[in-house]
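Every chain is numbered from 1 and lettered A, B, ... according to where its sequence line falls, protein lines coming before strand lines.
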Amino acid sequence: MSDLQPPRGTHDLLPEDQRRHRHITETVLRIAGLYGYEEISTPIFEATDVFRRTLGETSDIVTKEMYVFEDKKGRSLALRPEGTAGVARAFVSHLRSKPLPLKLFYQGPMFRYERMQKGRQRQFHQFGIELLGVPEPLGDVEVITMAAHILEALGVADKVTLEINTLGDPDTRQAYRDILVAFLKGHRDGLSKDSQDRLDRNPLRIFDSKDAGDQEILKDAPKLTGHLTPASQDFFDTVKGGLLAAGVNYTLNPGLVRGLDYYCHTAFEFTTETLGAQGAVLAGGRYDGLIEAMGGPSTPGTGWAAGVERLALMIAEPPGPARPVAVVPIGEAAEAEALSLVQRLRQAGFPVDLGFAGNLKKRLDKANKANAVAAVILGQDELEKQAATVRDMETGEQTEIKLSALEDHLARYR
RNA sequence: GUGGCUGUAGCUCAGUUGGUUAGAGCGCCUGGUUGUGGUCCAGGAGGCCGGGGGUUCGAGACCCCUCAGCCACCCCA
């Protein structure tokens, strides 16, 4: 048994799990359509450089969480750890001549080599959207509004909070970063070990630290909001005003940051208390420098990604499959008749379960386990009358119905 | 990568300070009903106690290693 387990951090999606996943992705696809987004599928693996360039050489994802391997020609490939890089690459490869804006939706498995926790595994599923070619704050508003719409449609709106922040334009960001580093270097010894590392690699992320000592030091740190250029401030104000107008509630979180250089302006996250430490359910922001970093034409972008497994843990049980009608033949002659009857009913649109073997008792038992609404019993008596006994599986009530009138009678179970 | 907790039947779990042939409920199968499911009754199958090594007269219980799961950190969806 132990040697037949799936690899660490991977899971079989059994039919009832898959049902939840499908309910989520179908809901997303439907709502994305309302906003004019079309699905794009990119490969599950890419040249390792695709992720190196978009995620940064020093990011944790690249240095310790990527599944990297060589193919038979010695090319370095990586299983995708997230979706944006592949979409950006596809844009640069094929889509740069399309009229902008481009509204793309994607969905599928992602891979990260990590220790598991609730709502986190090594193969997991994300869906996300990218809006390319819109430098205006209205793009951010639409993207966030759509996310809120989706979460509402999934019935989790009351379990999540939207937090937003701004990183300012690239110049502000860079200038502020220098100011912050200068300040924190004066307090280096007081910082936690993790944050001392972050100071070199990714100083803005120190704001996320859960360490109490770090937060104490940060209280006196210079704030980004105090360093925004008027244009950046305007941008952020327009985003906030737009969300207000669209009826999307949010809270400001000045500690919400993104480390990579191409992120700018809006950063946001829908978080929940219901998933333990894995609070982020859907997160995104603006990445105006990304396409350029990939070697494409300078193209603004904004978007987000969400975790399907995390959402699956939050949503209510989706409706199960439609209840079938069970056709139950008794004897060989009836079985032959049943084969044609079954096809007739399926062509008419009824889900039909035809047991493979067994006497009446066994087949009714199977029909019950298949959650059948009704059983159409076909025995010698019925055959002679060109009729069937239809048993309501809920009440046990039985009625004899002419074969020619079956569809009409069964219509009540649709 | 770091730390803590946990692995007994398909599932949820019991199993006394180490002591004979390892248990329950649910589920599954068979029968009570040669043409009637769910309820009920009777019976049955199914475990190298995650794997390997060690201590012991004796290990499901104790020790070490390993694999897997859970929780937290890191990071992130």
A:Asp381 CG to B:U36 P, straight-line distance once rounded to whole Å: 12 Å

Gap in Å between the two C1' atoms, one belonging to B:G46 and one to B:C70, rounded: 27 Å

Test side-chain hydrogen bond (donor to acceptor under 3.5 Å, both in side chains) applied to A:Thr389 and A:Glu382, step by step: CA-CA 7 Å; A:Thr389 299; A:Glu382 286 85 355; 2.6 Å; yes

Test: A:Lys369 and A:Asp365 ion pair at under 4.0 Å: yes

Near-strand residues of residues 405-414 of chain A, defined as heavy-atom separation under 4.0 angstrom from RNA chain B: none

P spacing across the pair B:G50 / B:G25, given as an integer number of angstrom: 22 Å

Pairwise C1' distance for B:G58 and B:G54, with rounding to whole Å: 15 Å

A:Tyr113 OH to B:U2 C1', straight-line distance once rounded to whole Å: 14 Å

Nearest-Å distance once atom C1' is located in both B:U33 and B:C41: 13 Å

Atom pair distance, as rounded to whole Å: OH in A:Tyr67 and C1' in B:G1: 14 Å

Sugar-phosphate only, base, or nothing, as touched by A:Glu269 at under 4.0 Å among non-hydrogen atoms: nothing

A:Gln123 (side chain) donor-acceptor with A:His11 (main chain) under 3.5 angstrom: no

Side-chain-base donor-acceptor pair under 3.5 Å for A:Lys64 and B:C75: no

Can you give me the N/O atom pairs linking the protein to nucleotides 69-71 of chain B at distances under 3.5 Å, or say none if there are none?
unit_1, atom_1, unit_2, atom_2, d
B:G69, OP1, A:Gly9, N, 3.1
B:G69, OP2, A:Arg8, NE, 2.8
B:C71, OP2, A:Lys118, N, 2.3

Neighbours of RNA chain B within residues 351-379 of chain A, by heavy-atom distance under 4.0 Å: A:Leu360, A:Lys361, A:Lys362, A:Leu364, A:Asp365, A:Lys366, A:Asn368, A:Lys369, A:Ile377, A:Gly379

Close aromatic pair by centroid cut-off 6.0 Å: A:Tyr35 and A:His149: yes

Any donor-acceptor N/O pair, A:Arg205 side chain to A:Leu199 backbone, under 3.5 Å: no

Cationic N near anionic O, under 4.0 Å, A:Glu394 to A:Arg323: yes

Identified side-chain contact (heavy atoms from CB on, under 4.5 Å) counterpart of A:Glu337 within the set A:Val342, A:Leu383, A:Val327: A:Leu383

Ring pair (Phe, Tyr, Trp, His ring centres under 6.0 Å) partners of A:His409, counting only residues at least two apart: none

Neighbour count above 12 (heavy atom, 6.0 Å) for A:Tyr113 OH: no

Side-chain ion pair, A:Asp17 and A:Arg20, N-O less than 4.0 Å: no

Spacing between A:Glu384 atom CD and B:G35 atom P, to the nearest angstrom: 15 Å

Residues A:Lys103, A:Glu142: salt bridge by 4.0 Å N-O rule: yes

A:Arg75/A:Glu70 under salt bridge (Lys or Arg N to Asp or Glu O under 4.0 Å): CA gap, chis, key distance, verdict: CA-CA 5 Å; A:Arg75 289 173 282 240; A:Glu70 283 193 358; over 6 Å; no

A:Arg363 bridged to A:Glu335 by N-O distance under 4.0 Å: yes

Face-on cation placement of A:Arg122 at A:Phe111 ring, 6.0 Å and 45° thresholds: no

Pairwise P distance for B:C11 and B:C49, with rounding to whole Å: 16 Å

d(CG, A:Leu204; P, B:C75) in whole Å: 13 Å

Nearest-Å distance once atom P is located in both B:A45 and B:G31: 16 Å

A:Glu38, CD: over 12 other non-hydrogen atoms inside 6.0 angstrom: no

Inter-nucleotide C1' distance (B:U20, B:G15), Å rounded: 15 Å

Separation of atom CD in A:Glu394 from atom P in B:U39, rounded to whole Å: 13 Å

Sugar-phosphate, base or nothing in reach of A:Asp197, heavy atoms under 4.0 Å: nothing

Backbone N/O of A:Leu191 and side chain of A:Gln196: donor-acceptor pair under 3.5 Å: yes

N-O pairing of A:Glu397 and A:Arg391 below 4.0 Å: no

Residues in contact with RNA chain B, drawn from residues 301-325 of chain A - heavy-atom cutoff 4.0 Å: A:Ala305, A:Gly307, A:Arg310

More than 12 heavy atoms of other groups within 6.0 Å of A:Asp158 CG: yes

Watson-Crick and G-U pairing of RNA chain B written in dot-bracket, each distance under 3.5 angstrom, with | for inter-strand partners: (((((((..((((.....[...)))).(((((.......))))).....(((((..]....))))))))))))....

Base of B:G35 paired with side chain of A:Glu382 (donor-acceptor, under 3.5 Å): yes

Touch class at under 4.0 angstrom, heavy-atom based, for A:Gln380 against every strand present: base

Separation of the P atoms in B:U8 and B:U21, to the nearest angstrom: 22 Å

